[in-house]
Amino acid sequence: MCFAKVSAAEKPTPYSFLSNNLSARTAGLAGATVSFENDIASIYSNPALLGVQPTNSIYLTFLKHLLDINSGNAMYIFNDTTYGKIAASVIYTSYGTFDYYDELGNPLGGSFSGDLIALSGSYANTIAERLYGGVTIKLIYNHIEKMNGIAFAVDGGLFYKLDDERTNIGFSVLNAGTELKKYNNESSYIPLDIKLGFNHRLKGLPLNFNFGFNHLGTSEDNFFKRLGNVNVGGELYIGEYVQLRLGFDNYIRKNLATEQNKGLSGLAFGAGIITSVINVDYAISIYSTDLYLHRLGIYFRF
């Protein structure tokens, strides 16, 4: 069981973990980072953002699910090359271990595990003045007990910096792919996502505002209903070393909580400590009254 953002109108899929917010900073902004150039892990939302990231950087994230389900990712951005910037990443989710039982609930002895892993390589370069393009290629493996599946997917994106140096626009298509080996001999879809958004650093106020449309590629018949899949986030700068974050994802609120347990579902909170060498980020995302996800991220530059 993976608590990723999956539409209620779509069938469960073992590849839903690809839709998780994959950094603490991104999670604190409720995923509104398709045009957010200040976060190394934003390239999970839009690979074109790799083109404006510092090189020789490492980002590590740990995500705590319910029970003993844990997830994490690691990313490394290499030195500038003659032909653009490149990065490598691994995303991992472990479901923990499970005991064997028969159909009557009697223990059979022994246990099994379940794991998900995605390996990816990203490339980005300048297309024109202030316009960047990027692509990510992923190889995805999922396994539970004796069943496993393999899939291939591609992300693509564009990122544009306006002349005012404070406003950016981003667009991306994520997880466009296909299965190479079917999971348990049954077809599973890969959760295609289409994102569009902008961010703006306010003049005279230390606040970076982000707004986006996400999950525009869902199977909802009415396209205008998809436009309700919005996320917003703000990052407030407290001096040189502290950042506070607040975000809201309407897609989570619509699809992942019943009317009885919505509570503050869709809201996210986060904070970051910034230094010249290392950043530490924390975020909490509220999915329902009884489901809170915690993320811790560490960013190294050298």
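Everything quoted here is computed from the prediction, not taken from an experiment.
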Can you tell me how far [atom2] of [Y] sits from [atom1] of [X], rounded to the nearest 0.5 angstrom?
| X | Y | atom1 | atom2 | result |
| --- | --- | --- | --- | --- |
| Leu264 | Ser285 | CG | OG | 12.5 Å |
| His143 | Ile150 | NE2 | CD1 | 12.0 Å |
| Lys254 | Asp249 | NZ | CG | 9.5 Å |
| Asp155 | Leu192 | CG | CG | 9.5 Å |
| Tyr123 | Ile43 | OH | CD1 | 14.0 Å |
| Ile252 | Asn231 | CD1 | CG | 8.5 Å |

Closest non-hydrogen atom pair, [X] against [Y]:
| X | Y | value |
| --- | --- | --- |
| Leu158 | Gly133 | CD2-CA, 4.2 Å |
| Ala24 | Thr61 | N-CG2, 4.1 Å |
| Ser23 | Ala41 | CB-CB, 3.2 Å |
| Ala283 | Gly28 | CB-N, 3.6 Å |
| Asn214 | Lys195 | CB-NZ, 3.8 Å |
| Phe36 | Glu235 | CZ-OE1, 3.4 Å |

In terms of side-chain heavy atoms, does [X] have a donor or acceptor partner in [Y] at a distance below 3.5 Å?
| X | Y | value |
| --- | --- | --- |
| Asp193 | Asn175 | no |
| Arg201 | Asn168 | no |
| Asn142 | Tyr15 | yes |

side-chain hydrogen bond (donor to acceptor under 3.5 Å, both in side chains) between Ser57 and Arg301, intermediate numbers included: CA-CA 5 Å; Ser57 304; Arg301 62 180 71 84; over 6 Å; no

Tyr132 and Phe159 aromatic ring geometry - parallel, tilted or perpendicular at 30°/60° bounds: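 Phe159 vs Tyr132 ring planes: tilted.
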
Ring geometry between Phe211 and Phe209 (parallel below 30°, tilted from 30 to 60°, perpendicular above 60°):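 If you compare the ring of Phe209 with that of Phe211, the planes turn out parallel.
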
Given Gln243, Arg295, Arg245, the one that forms side-chain hydrogen bond (donor to acceptor under 3.5 Å, both in side chains) with Asp281: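 Going through Gln243, Arg295, Arg245 one by one, the side-chain hydrogen bond (donor to acceptor under 3.5 Å, both in side chains) with Asp281 is satisfied by Arg245 alone.
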
Who pairs with [X] by side chain to side chain donor-acceptor pair (under 3.5 Å), at least two apart in sequence or on another chain?
| X | result |
| --- | --- |
| Tyr92 | Asp115 |
| Thr136 | Ser122 |
| Arg130 | Asp163, Glu165 |
| Thr33 | Ser45 |

Residue pairs fulfilling salt bridge (charged side-chain N to carboxylate O under 4.0 Å, His left out) with at least one residue in residues 30-40, sequence neighbours excluded: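 Residue pairs with at least one partner in residues 30-40: Glu37-Lys161.
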
Any pair counted as salt bridge (charged side-chain N to carboxylate O under 4.0 Å, His left out), so long as it reaches residues 171-183, sequence neighbours left out: none

Just by modelled atom types, is the [Y] backbone N or O under 3.5 Å from a matching donor or acceptor in the [X] side chain?
| X | Y | answer |
| --- | --- | --- |
| Arg25 | Asn38 | yes |
| Ser35 | Asn199 | yes |
| Arg166 | His200 | no |

With Tyr241 via side chain to side chain contact (heavy atoms under 4.5 Å, CB included) - residues at least two apart: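 With neighbours one apart ignored, the set is empty.
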
By ring-ring contact (aromatic ring centres under 6.0 Å, His included) - contacts of [X] (at least two apart):
| X | value |
| --- | --- |
| Tyr160 | none |
| Tyr237 | none |
| Phe171 | none |

Do the side chains of [Y] and [X] get nearer than 4.5 Å, heavy atoms only?
| X | Y | result |
| --- | --- | --- |
| Leu227 | Leu216 | yes |
| Leu119 | Tyr141 | no |
| Ile190 | Phe152 | no |

Same apolar cluster: [X] and [Y], side chain cutoff 4.5 Å:
| X | Y | result |
| --- | --- | --- |
| Ile194 | Phe198 | yes |
| Leu236 | Ile273 | yes |
| Leu196 | Leu131 | yes |
| Leu29 | Ile286 | no |
| Leu174 | Tyr59 | no |

Worked verdict on Leu291 versus Asn261 for side-chain contact (heavy atoms from CB on, under 4.5 Å): CA-CA 10 Å; Leu291 178 55; Asn261 70 349; over 6 Å; no

Short N-O contact, Asp164 and Lys203, less than 4.0 angstrom: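 The answer is no: the pair does not qualify as a salt bridge.
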
Hydrophobic cluster of Val34, others only, ordered by chain and residue number, side-chain cut-off 4.5 Å: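 Same cluster as Val34: nobody, lone residue.
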
Those residues that, when tested against Lys262, pass salt bridge (charged side-chain N to carboxylate O under 4.0 Å, His left out) (two or more places apart): none

Chi angles and distances behind the side-chain contact (heavy atoms from CB on, under 4.5 Å) call for Met75, Tyr44: CA-CA 10 Å; Met75 177 190 299; Tyr44 288 123; 3.3 Å; yes

